[in-house]
Each structure stands twice: as C-alpha cells, then as structure tokens.
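Throughout, a chain's letter reflects where its sequence line sits, starting with A, and its residues are numbered from 1.
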2 protein chains.
Amino acid sequence: MKKPVLSESQEDYLKEIFKLREMNETVSMQDLARKLDVRPPSVTGMIKKLCAMNLVEHEPYKGVQLTETGEKIALEVLRHHRLLELYLARHLNYSWDEIHEEAERLEHVISEKFEAAIADLLDHPTHDPHGDPIPTADLEIPESPDLLPLNSLKNCVNAGIGRIMTQDKDILNLLSRLELMPGQEIELIKNDATGIRVKVNGNQYLVPHTIAMLIWCGKTDI
Amino acid sequence: MKKPVLSESQEDYLKEIFKLREMNETVSMQDLARKLDVRPPSVTGMIKKLCAMNLVEHEPYKGVQLTETGEKIALEVLRHHRLLELYLARHLNYSWDEIHEEAERLEHVISEKFEAAIADLLDHPTHDPHGDPIPTADLEIPESPDLLPLNSLKNCVNAGIGRIMTQDKDILNLLSRLELMPGQEIELIKNDATGIRVKVNGNQYLVPHTIAMLIWCGKTDI
DNA sequence: ATACAAAGTTAGTCTATCCTAAATTATTTT
DNA sequence: AAAATAATTTAGGATAGACTAACTTTGTAT
C-alpha cells in the first residue's frame, strides 16, 4: 500500500495516539487534545479526516485506535524522534533536557536518508536517552527490560535505571544533574513516607515519591 | 528590535529575495514567483504582508527590496542552509547532489543551538560544498576569492574550482563524478567552439560551454 | 502617439487547521 | 431513575497561504 503524505499535524496526531495507547487501554479525545495542545473540537475534526484516510478507527463517543497503516506511520515518526534525541545528545552535545524539543521539530522533516545515516552513526541503537525504545528500521518495537517505578521498590536493593517517564525539562535537568539517568546503577537505601533514599556514584539523595514514580528501574539483585 | 516569528513560507520569500538581489539589480515579482514555485498573485499578497511587517520595501509595479531586518533574517536562513549542506556532506555522508533538498527542509526548523553545534563541529567554515559563502554568526558575508566562469578562461591555465552555480541535481551529480567540484585544481587544455577541455586528477574531459559557465574558477597561474 | 505585450495587482475561492458556543451523549451521584 | 457532570460532537467562523480570472500599469515597437 502506498504511504500517504501527511502534514506535520497529522503525524503528531498519530504519534500521540500511539503513545497514549501504550499507557491506557483506550484513547480519549480529551487526552489527545491535552497532549496536542488543541481544543477537543479540533481533535474530533482531525480524527474524522484521519478516519477517512484509513489511518485511525473511531466509534463516535468511544475511543480512537490506529489502523495498521496508521501505526506504521506513528512508529516511523517515533523512530525519527528517538533516533534524533540520541543523535543530538551523542553527537551535538545537547543536554538531556534540550533534546526533546529539537527532535519534536526535526522528526517531521528528515528524510529516510537522514534517518538511515544517523542510525548507522549511532550503531543502530535500541533505546533513546530517556530509555524509550526506538522502533527498528522495519518498525518493530525492540524488547525492553522489565522495569518498575523506583517508588515501588523495597529497601536495600541495587537497581539500574532503565527509563525516565517524563518530558518535563526542569525535572529532566534535575535528574541529569543528580546522575539519575538510564544506564546508572543505584542503591536503594530506604523507602518510607518521606521518600526514597538512594545512593548514586557515592552521593545520597532523598527522592520524593512524585519524582520517584517517574524513574523506572530494573533490579540487579534483591 | 525583537525578531518576529516567521512562517517557513515567509522565510523562503526573504531568502529568495536576497539571493535574487545578489544577481540582479532589482527583484521582480515574477522572478520570485518562479523561484518559489507559486503564481504571481501569491507573491503580491505575501509581499504585502512582509511589507506590513517592515521586512521588505515595495513600490507597486516596481521591485522589492529587503529592509535591514529582512536582510538579517534572510542571512540567518542562508546561514542555516549552507551550514547544513556542509554538515550533511561532511558528517552524514550525503552525496553532493542530495544536500540541497534536505537542507531546504531543515533550515527552517533547527534552533540556534543546533546551528551553533554544527558550526563548531565544522570549525566555523566560510563556504559550503557548492562554494557559496556562509554568513558568519553575526551575519556578515565572508570574503570570497575572485572567480570567473570556466568558459571565459583562456587555454593552458591552471585554475582552482571555487564555486558551482547550479542546484540542478543531475548536473551536480555529473560534476561530482568527474571531480569537478570546489577545491579541485584543474588544468585548462583548450577552449574552443566545441567546449573546454580540462584535465582533473589525470583525467581529461571536454566540458560543453553550457556546463562550463556554471563552474567558476580562481586562477592559480597564467 | 497609439497599440500591444508583459508584468503586476485586485477580487474572489479553496483548503488546512485551528477556534468558540451550543447541542448531544455518556457517566456518575444521590 | 433522575439529575448533575463530564466528554464529545456539531455548527459556524477565523487565518494563512495558495489559486484563477479579470483588470491595470508599464514599457516597447511601430
């Protein structure tokens, strides 16, 4: 099937539907409106159009879903985005909190050639700097390690940070200063009502629960 | 003065006005329409808008000119474009005929940060792969060597290619195969009605006049 | 000087995407 | 189960940037 040419806006809709679907069972108009920063009627309108293009399915007053074609496109955009994030961080010295914004704009305009070139340069990575999986060139989602939010771990555990579940620049900035980022090994000292006390590279921090739930870890031992 | 936020379309108008002004004394609506691939009424309409924003000056039925602010923006876009071209060629292995198209899309979406990052990486170059001057960070146009079109040179001259005056992909592709590109040293064997016979890296070619006029050279001796 | 051609402009449409206000449907509370 | 609330949709409108058709201005050639 021929790939339709989509506007940036349309690509964003498909991408957000995909990301929301990963979290929730069903994707509501309102969630989409919030994520895309538009009013709900705009979403209804655009969804109608995407429906007509066979990229999404929509039962009025029920949720939205991607069709197979729609999902392919969403994955392509996501691949662009996440490859770009890693690329910006690794090769252009972007700090951890700057990559998302730039990738958000670039993801829609880079060619297949550009995508292939940076994928090569990065040695075909499977995860971006936030720990999000990067769809492969044939648009499969790579396996990710089993992860749990930091605040759900018990005391006295060693763990490796696998993924950071926010795009908030200030939080990302903070976390990167504290070296609480994917790839880091941490030691969980105590988990109580005041927060989670962790040790990273010799430094100890008390991480509040609100933040700890954004930090997903894979246990290295019990 | 605060820099206005422009659409990609508006940026393209300013950039083309600038480029046309370098060639011709006056920039006509029709030239613009041709370059931008739109109809003349669209140009009139957009020029009106840019006029109202104090980015261009326009006497109806006469030509268009950039204001100081307009020129600054044009130079910024041009800097993005030309830095990107060099970047794509040097760091992402783009072939010589592919860089223009990609840069054309990227130039509008990269941030100041991106611009600075690749400028650094490229060691603040003054010319792009076509030999076009890259405006500096403070938007001055760097000095370029004195150049003449290849077809205007006399027999038996050594020369260095300085600039290629076309964006046609097929011609660029051809020239790069023949190694007729900026930086190359060439020897001019003969220049007659049949064309210009040149020697490059040991190979001889007969370059037709139509192509030779696109290849601008600096003489290395007489 | 007039007439014609070329270039430029005006007027009126179209499409994409967003918006607000109002109406409808679904869900939750009592 | 009725009322209240929340989510969604419909209707109608705005704006940006393109378009065509028709008109105006300018410049040129006889």
Test item: A:Arg21 side-chain N/O and A:Glu25 main-chain N/O as donor-acceptor pair under 3.5 Å: yes

Under the side chain to side chain donor-acceptor pair (under 3.5 Å) rule, what do A:Asp12 and A:Ser9 come out as? Steps first, then yes or no, please. CA-CA 5 Å; A:Asp12 278 335; A:Ser9 179; over 6 Å; no

Of A:Lys62 and A:Glu8, the one whose nearest nucleotide on DNA chain C sits closer to the 5' end is A:Glu8

Can a donor-acceptor pair be found, under 3.5 Å and without considering hydrogens, that links the side chain of A:Asn24 to the backbone of A:Val27? no

Taking five pairs at each terminus, the helix from C:dA1-D:dT30 to C:dT30-D:dA1 shows an axis bend, to 10°, of 0°

Can B:Glu98 and B:Lys169 be counted as an ion pair, charged N to O under 4.0 angstrom? no

Of the residues in residues 20-33 of chain B, which ones touch DNA chain C at a heavy-atom distance under 4.0 Å? B:Ser28, B:Met29, B:Gln30

Using the rule given for side chain to side chain donor-acceptor pair (under 3.5 Å), can you reason through A:Asp128 versus A:His81, listing the C-alpha separation, both sets of side-chain angles and the distance that settles it, and then say yes or no? CA-CA 9 Å; A:Asp128 77 3; A:His81 183 93; 5.8 Å; no

Measure the spacing between CG of A:Leu106 and CZ of B:Phe114 and express it to the nearest 0.5 Å. 6.0 Å

Verify, without hydrogens or angle tests, whether A:Arg79 (side chain) and A:Ile134 (backbone) share a donor-acceptor contact under 3.5 angstrom. no

Report yes or no: does B:Thr26 contribute a side-chain atom to a donor-acceptor pair with the main-chain N or O of B:Gly63 at less than 3.5 Å? no

Contacts to DNA chain D from residues 35-47 of chain B, heavy-atom cutoff under 4.0 Å, which residues? B:Val38, B:Arg39, B:Pro41, B:Ser42, B:Met46

Quick check on side-chain hydrogen bond (donor to acceptor under 3.5 Å, both in side chains): which of B:Gln10, B:Glu11, B:Glu8 does B:His108 satisfy it with? B:Glu11

Between B:Asn191 (side chain only) and B:Leu153 (backbone N and O only), is there a donor and an acceptor less than 3.5 Å apart? yes

Interface limits on DNA chain C, where chain B has a heavy atom under 4.0 Å of a nucleotide atom: C:dA7 to C:dT10

Are A:Lys113 and B:Glu101 ion-paired here, with the side-chain N under 4.0 Å from a carboxylate O? no

Side-chain donor-acceptor pairs under 3.5 Å in residues 39-53 of chain A, sequence neighbours left out?
{"from": "A:Thr44", "atom 1": "OG1", "to": "A:Pro40", "atom 2": "O", "distance (Å)": "3.4"}

Indicate yes or no for a side-chain donor-acceptor contact from B:Arg82 to the backbone of B:Pro135 under 3.5 Å, with no hydrogens or angles considered. no

Parallel, tilted or perpendicular, as decided by the 30° and 60° cut-offs, for the rings of A:His130 and A:Trp96: tilted

Using the heavy-atom set of chain B and a strict 4.0 Å cut-off, write down the first and last nucleotide of DNA chain D that makes it in, 5' to 3'. D:dA16 to D:dT26

Could you give the distance from CG (A:Asp97) to OG1 (A:Thr166), rounded to the nearest 0.5 Å? 11.5 Å

